[in-house]
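Below: one structure, written as structure tokens.
Proteins get letters first, then strands, A, B, ... in listed order; numbering begins at 1 in each.
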Amino acid sequence: MDVNDKNYRGRVFDIVRQIPKGKLMTYGQIAILLGEGYTARTVGYVMHDADKDVPWQRVINSQGMCSTQHLLLPHNKQQLLLEQEGIVFNEKGKCNLEEYRWKPEGYEEEDEQPSLFG
DNA sequence: AACTTGACGAGGG
DNA sequence: CCCCTCGCCAAGT
């Protein structure tokens, strides 16, 4: 699997583009969603070079924090952008994923139906 | 071809 | 909770 494959990157970006304003996804969540050949690390890797129309700021790590805060991005650009979208972070730069996590509708491949007669 | 480096994540102390 | 280690996988040296 080649992450430079436009199809590979395209699948990741297609998902990210669907994240609504005010919602978030994690790298790992996207990787699991796409399945075969995708891992959290590789998703993160392609995100560093996202297309202009991709809301890259809506993808954060599983701890509910912006992985970019101590990186090259000016200040806390990612967190700032998210706060402008209504996301609330605590003083340690963490947000409530339970509240903001978004799950796309059309991508369930192996849905686990909670059996009513369990 | 070996070794290091990440926009990652789960698990143990 | 915070910190560390380890598994992961592609890129850069």
Side-chain angles (χ1 to χ4, degrees):
Chain A
M1 187 66 67
D2 178 11
V3 299
N4 284 320
D5 177 6
K6 291 199 194 308
N7 190 30
Y8 187 104
R9 298 164 59 77
R11 286 237 176 84
V12 173
F13 297 153
D14 278 348
I15 302 241
V16 177
R17 271 188 279 255
Q18 293 177 53
I19 306 175
K21 184 177 180 180
K23 288 292 182 181
L24 305 169
M25 286 184 82
T26 65
Y27 302 94
Q29 189 185 353
I30 293 172
I32 290 173
L33 198 60
L34 292 173
E36 181 195 6
Y38 292 79
T39 68
R41 275 201 111 93
T42 51
V43 168
Y45 182 79
V46 301
M47 287 301 294
H48 79 80
D49 194 24
D51 294 344
K52 259 317 190 192
D53 63 331
V54 173
W56 56 271
Q57 71 273 21
R58 297 176 191 160
V59 184
I60 67 177
N61 65 31
S62 65
Q63 306 172 77
M65 303 198 295
C66 301
S67 303
T68 57
Q69 47 188 334
H70 51 73
L71 246 76
L72 33 109
L73 296 166
H75 319 302
N76 299 343
K77 181 171 182 182
Q78 181 172 18
Q79 183 171 326
L80 247 42
L81 286 172
L82 290 176
E83 284 170 344
Q84 288 169 17
E85 299 186 354
I87 308 288
V88 177
F89 290 85
N90 69 13
E91 60 284 349
K92 292 169 199 155
K94 201 173 197 171
C95 73
N96 184 356
L97 263 181
E98 297 273 329
E99 178 180 355
Y100 299 123
R101 185 191 295 279
W102 181 69
K103 299 182 181 183
E105 316 261 325
Y107 284 86
E108 349 291 318
E109 312 233 327
E110 4 212 326
D111 45 341
E112 68 284 0
Q113 281 289 5
S115 90
L116 296 173
F117 312 95

For A:K94 and C:dC3, what is the distance between atoms NZ and C1' respectively, to the nearest whole Å? 13 Å
Give the rounded distance in Å between these two atoms: OH of A:Y38 and C1' of B:dC8. 17 Å
Does the side chain of A:S67 get closer than 4.0 angstrom to OP1 or OP2 of B:dC8 through an N or O atom? yes
Under 3.5 Å, is there an N or O donor on one side and an acceptor on the other linking the side chain of A:Y27 and the base of B:dA7? yes
Look at A:K92 and C:dC1 and indicate whether a side-chain polar atom (N or O) is within less than 4.0 Å of OP1 or OP2. no
CZ of A:R41 versus P of C:dC9: gap in Å, rounded? 11 Å
For atom OH of A:Y8 and atom C1' of C:dA10, their distance in whole Å: 9 Å
A:Q63 atom CD is separated from B:dG9 atom P, nearest whole Å, by 8 Å
Return the value, rounded to whole Å, for the distance between atom CG of A:N61 and atom P of C:dC2. 13 Å
Tell me whether the side-chain N/O atoms of A:S62 come closer than 4.0 Å to OP1 or OP2 in B:dA10. yes
d(OH, A:Y45; C1', B:dG9) in whole Å: 20 Å
What's the NE2-C1' distance between A:H48 and B:dG6, to the nearest Å? 9 Å
Just by distance, with hydrogens left out, do A:Y8 and A:T42 show a side-chain donor and acceptor under 3.5 Å apart? yes
In a check of side-chain contact (heavy atoms from CB on, under 4.5 Å) between A:L33 and each of A:I15, A:V12, A:V43, which one passes? A:I15
If the condition is salt bridge (charged side-chain N to carboxylate O under 4.0 Å, His left out), which residues does A:R41 pass it with, not counting sequence neighbours? none
Residue pairs, two or more places apart or on separate chains, that pass salt bridge (charged side-chain N to carboxylate O under 4.0 Å, His left out) and touch residues 51-67 of chain A: A:R17-A:D53, A:R58-A:E85
